[in-house]
There are 2 protein chains.
Amino acid sequence: MTEPRWLDQRENRAWRGYRRMRGLLDLQLARDLAADSGLSEPDYDVLSTLSETEGHRLRMIDLAGWLLWSKSRLSHHITRMEQRGLVRREESPGDGRGAVVALTPAGLDAIVAAAPGHVESVRRHLIDHLTEDELETLAAITTRVVAHLTAHADT
Amino acid sequence: MTEPRWLDQRENRAWRGYRRMRGLLDLQLARDLAADSGLSEPDYDVLSTLSETEGHRLRMIDLAGWLLWSKSRLSHHITRMEQRGLVRREESPGDGRGAVVALTPAGLDAIVAAAPGHVESVRRHLIDHLTEDELETLAAITTRVVAHLTAHADT
DNA sequence: CCGCCGAGGTTGACGTGTCAACCAACGTCT
DNA sequence: AGACGTTGGTTGACACGTCAACCTCGGCGG
């Protein structure tokens, strides 16, 4: 039980900054999105993913994989979205276990209506405050960290 | 209703990277923390803040301000932590509306025991993957974005 | 063909956090 | 002193997400 390697000042500024930004930014984006479209961020993620696939439908497992969500989380969320008429569950052809999620017309309308405002919100609160170099650095950082996290999904 | 300024490729990489990292990183940190201390991240934030104050106590409003939490959120969370014996509510001297949160001995033990492991976890999953320049850039980005968000708390 | 394991999915209980409504004490203005 | 808006705090309903348990179907090996 040796003395832990506490964070030095530079590390602390980065870490605390991240935590603070994360809290405030996500809250603000969620509020903007909810206010002008009635969707939550998870709703938006599901709908935008489906809207980009051919046939506007995906198997649960594939959707979960793309979003990096657990099966459980996806199942719960799809249940809620289904009740609001945004998506529909269908049987999977050729696999009795299967379940496919399909975009409904209402779901498509919702994402089409929400997208411009959401992008605008992301710009206003984050992207437009960063320089090109900062964007590159942010992309590099996140890519590396994500790679590490998905590699050691266990540890 | 002009055409929205969609994100270009660079912006997209940064934005998607951020979203992905946020999801995976927070989940992993929360899991590590829960596994070796039984605390959640919000628990940790409350306890570590209190442990750094003189008297190990703070008014609700001040604690909420420091953590950037809503009054509601703090009240709910303190209720849960109080039931687990980590903190205690006290009356505020000189202000009948007041409420003060105080660390209990059990709460102090918990944060002291949890801190080394948590720092280690933060290093392993994030900090140790970044160069010094990247740490500086991350701190700069987050500071600027947080400043903007707290300034226009309304818009 | 049967037994069994793994893959795909659902469910329930619970902790967390949001918003909105509400309440009580404070301070100020007259 | 009395009226009244503000500040500090709580509560309830509900959305979200985790874990763990469970179920069913698919694919294999013997």
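Keep in mind that this is a model prediction, so the values were computed, not measured. Lettering of chains follows the sequences in order, A, B, ..., and the numbering in each one begins at 1.
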How about A:Asp32 and A:His125: does a side-chain donor come under 3.5 Å of a side-chain acceptor?
-> yes

Taking only residues two or more places apart in sequence or in another chain, which ones pass side chain to side chain contact (heavy atoms under 4.5 Å, CB included) with B:Asp128?
-> A:Arg5, B:Arg123

Between A:Glu41 (CD) and C:dG17 (C1'), how many Å, whole number?
-> 14 Å

Inspect the surroundings of CD in A:Glu41 and state if more than 12 heavy atoms from other residues, nucleotides or ligands are less than 6.0 Å away.
-> yes

Should B:His77 and B:Ser40 count as side-chain neighbours, where that means a heavy-atom distance under 4.5 Å?
-> yes

Can you sort out which residues in residues 46-61 of chain A have a heavy atom within less than 4.0 Å of DNA chain C? Ascending by number, please.
-> A:Arg59, A:Met60, A:Ile61

B:Asp133: side chain to side chain contact (heavy atoms under 4.5 Å, CB included) partners, not counting sequence neighbours = B:Thr131

note: A:Arg89, atom CZ; C:dG9, atom P; distance rounded to Å ~ 10 Å

Chain B contact limits on DNA chain D, taken 5' to 3' with a cut-off of 4.0 angstrom to heavy atoms = D:dT7 to D:dC19

SB check A:Asp45 B:Arg19 (cutoff 4.0 Å) | yes

Selection: residues 67-87 of chain B, any non-hydrogen atom under 4.0 Å of DNA chain D = B:Lys71, B:Ser72, B:Ser75, B:His76

Over how many whole Å does the gap from A:Asp62 atom CG to C:dG9 atom C1' extend?
-> 13 Å

A:Arg22 has an atom CZ; how far is it from atom C1' of C:dG17, in whole Å?
-> 12 Å

Not counting sequence neighbours, which residues clear salt bridge (charged side-chain N to carboxylate O under 4.0 Å, His left out) with A:Asp95? List them please.
-> A:Arg59, A:Arg97

With sequence neighbours left out, write down each residue that passes side chain to side chain contact (heavy atoms under 4.5 Å, CB included) with B:Ala102, or none if nothing qualifies.
-> B:Arg57, B:Arg88, B:Glu90

Hydrophobic cluster mates of B:Ile61, side-chain heavy atoms under 4.5 angstrom, ILVMFWY only, any path?
-> none

Should the pair B:Arg84-B:Asp43 be classified as a salt bridge under the 4.0 Å nitrogen-to-oxygen rule?
-> yes

Would you mind listing every salt bridge (Lys or Arg N to Asp or Glu O under 4.0 Å) that reaches into residues 139-151 of chain B, with sequence neighbours excluded?
-> A:Glu134-B:Arg144

B:Asp43 CG to C:dG17 C1', in whole Å, measures 14 Å

Who are the side chain to side chain contact (heavy atoms under 4.5 Å, CB included) partners of B:Asn12, not counting sequence neighbours?
-> B:Leu7, B:Arg16

If you group Ile, Leu, Val, Met, Phe, Trp and Tyr whenever their side-chain heavy atoms sit less than 4.5 Å apart, what else falls in with A:Leu67?
-> A:Leu33, A:Leu39, A:Tyr44, A:Val46, A:Leu47, A:Leu50, A:Leu58, A:Met60, A:Leu63, A:Trp66, A:Trp69, A:Leu74, A:Ile78, A:Met81, A:Leu86, A:Val87, A:Val101, A:Leu103, A:Leu108, A:Ile111, A:Val112

Atom pairs, protein N/O to nucleotides 23-27 of chain C N/O, distance under 3.5 Å:
| residue | atom | partner | partner atom | Å |
| --- | --- | --- | --- | --- |
| C:dC26 | OP1 | B:Gly96 | N | 2.8 |

